[in-house]
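For reference, the structure is listed below as C-alpha cells.
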Protein chains: 2
Amino acid sequence: MDTSLASLNGFGFTDGVLPSACPTRIVLNHVTSTWGVLVLVALSQSGLRWGELRRTVQGISEKMLAQTLRTLEADGFVLRTAQPTIPPRVDYSLTDRGRDLTEHLLPLMSWIAANADDIVGADAEQASAAVRP
Amino acid sequence: MDTSLASLNGFGFTDGVLPSACPTRIVLNHVTSTWGVLVLVALSQSGLRWGELRRTVQGISEKMLAQTLRTLEADGFVLRTAQPTIPPRVDYSLTDRGRDLTEHLLPLMSWIAANADDIVGADAEQASAAVRP
DNA sequence: CGGAATCCGTAATGATACTG
DNA sequence: CAGTATCATTACGGATTCCG
C-alpha cells in the first residue's frame, strides 16, 4: 500500500522524516541555506572568480558569500583555487560531488522558477499580508 | 560550448542566478526553509494530523510547525482540512502542486541522505570545529 | 486536540571599513 | 582583487500561556 513518492525514490522516510541530529540534517541545512542554493546554481554553469560570484548572486553580501563558500568548500562541494599573484586571483568551481548535487538541485530550481509567479500571485504572499494589523 | 547542467535542464541561469527580488526567490526561501523541506517530505508519504506531523518532523516546535504550515498552505503546497468536532481534528496533505514539488525534492533529499556521512566525516564540520578557540 | 499570541535570548545577516 | 573585522539590526526559534 505504499505508493508514496518516497518509496519511488528507493528511500523511505517511513517513520520520522529524519533523526533530529543526523549528518543529513547538517548537510541539508548547508545546501538549502539562503545563499547555498544560489551559489551552487551560479557555479553550475562554470567556475567563477570571487568578484564574478558576488555579482552573479545578486544581493549577497561579502560576508555571506565568504561564509557560504567556506561551508560549501568544507563539505567538498566547491573547489577553491587561489593564485598568489598581484593582484590575487581566486577561482571557485564545483567538485565532482558538487556537480552531482547540482544535478538534483537544478531541476528543483527550474520547477520553482517556472511556477513562482503562479504561487506568489495566488494569495499575494506575506509581503502584503504583513500590512494588516 | 554550453554543456552546463543548467542548459541540460532547459533552464539557463545565464547572467545572474536570479534577480534579487523576484517571486522565485520568495518561493525558494519558503521551500528551502529549515523546516519547509522536512514538512513537505513528511507529507509526501501521506496526509498527517497536526500531532502526527509534530512527532514526525523531529525537533520542530509548535510555533515553527504552525508558521511553516501557514506559509506552505498560502503557497498552495499544502491543504488544510479542519473538522469542527470535539476534540478538533485537522489534517494536512499535499496539494497537486505540492506533490509536483516534492517529486523534485525527494531525489535531492535521497541524495543528501545517502552522501551525508561522507560529507560530514570529510572534515568533521563546524560541530567539532567550533570547539577550538 | 489544535492552535494563536506573547515574551525573550540567541544567532544569522548586512553595511561599512580596513588589510594583504 | 579578495577577502577579514567590527558593529548594528533583524529574524529565528523556544518556552510559556491562553483560547475554541
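Quick caveat: nothing in here was measured; it's all calculated off a predicted structure. Throughout, protein chains are lettered first and strands after them, A, B, ... in sequence-line order, and every chain is numbered starting at 1.
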Practice task
Heavy atoms only: give me the nearest B/D117-A/P23 pair and the separation to one decimal.
Solution key: OD1-CG, 3.2 Å

Completion exercise
One would report the end-axis bend of the helix from C/dC1-D/dG20 to C/dG20-D/dC1, five pairs per end and rounded to 10 degrees, as 50°

Exercise for the section: Might you point out which heavy atoms bring B/S44 and B/L94 nearest each other, and give the distance in Å? Expected result: CA-CD1, 3.7 Å

Exercise for the section: Among A/T102, A/V57, A/V78, A/T56, find the residue that satisfies the side-chain contact (heavy atoms from CB on, under 4.5 Å) test when tested with A/L43. Expected result: A/V78

I'd like a table of atom pairs between the protein and nucleotides 12-15 of chain C - only N or O on both sides, under 3.5 Å - with the distance next to each one.
residue: C/dT13; atom: O4; partner: A/K63; partner atom: NZ; Å: 3.2
residue: C/dG14; atom: OP2; partner: A/W35; partner atom: NE1; Å: 3.2
residue: C/dG14; atom: O6; partner: A/K63; partner atom: NZ; Å: 2.6

Exercise for the section: Let me know the distance between CG of B/L65 and P of C/dA4, rounded to the nearest Å. Expected result: 10 Å

Exercise for the section: Identify whether any heavy atom of B/R49 sits under 4.0 Å from a base atom; if not, whether one sits that close to sugar-phosphate; answer base, sugar-phosphate or nothing. Expected result: sugar-phosphate

Exercise for the section: Walk along DNA chain D from 5' to 3' and tell me the first and last nucleotide with an atom closer than 4.0 Å to a non-hydrogen atom of chain B. Expected result: D/dG13 to D/dG20

Exercise for the section: Looking only at non-hydrogen atoms, find the nearest pair between B/W35 and A/R25 and report the distance. Expected result: CZ3-NH1, 3.8 Å

Practice task
Output all residues satisfying side-chain contact (heavy atoms from CB on, under 4.5 Å) with B/T95, sequence neighbours left out; order by chain, then residue number.
Solution key: B/L79, B/R97

Handout entry: Minimum heavy-atom distance A/Q45-A/V41, with the two atoms named
Key = NE2-O, 3.6 Å

Problem - Closest approach of B/A82 to B/R80 (non-hydrogen atoms, all atoms of both residues) - result: CB-NH1, 3.6 Å

Exercise for the section: Only counting residues at least two apart or in another chain, list the ones meeting side-chain contact (heavy atoms from CB on, under 4.5 Å) with B/R49. Expected result: B/E52, B/R89, B/D91

Practice task
Remember a base hit wins even if backbone is also touched, and classify B/R54 as base, sugar-phosphate or nothing at under 4.0 Å, heavy atoms.
Solution key: nothing

Practice task
Please report, rounded to the nearest Å, how far the P atom of C/dG3 is from the CZ atom of B/R70.
Solution key: 10 Å

Exercise for the section: Please report the closest heavy-atom contact between B/A42 and B/L53, naming both atoms and the distance. Expected result: CB-CD1, 4.0 Å

Fill in the blank from the handout: Across all chains, not counting sequence neighbours, the side-chain contact (heavy atoms from CB on, under 4.5 Å) partners of B/T32 are A/T32, A/V37, B/L28

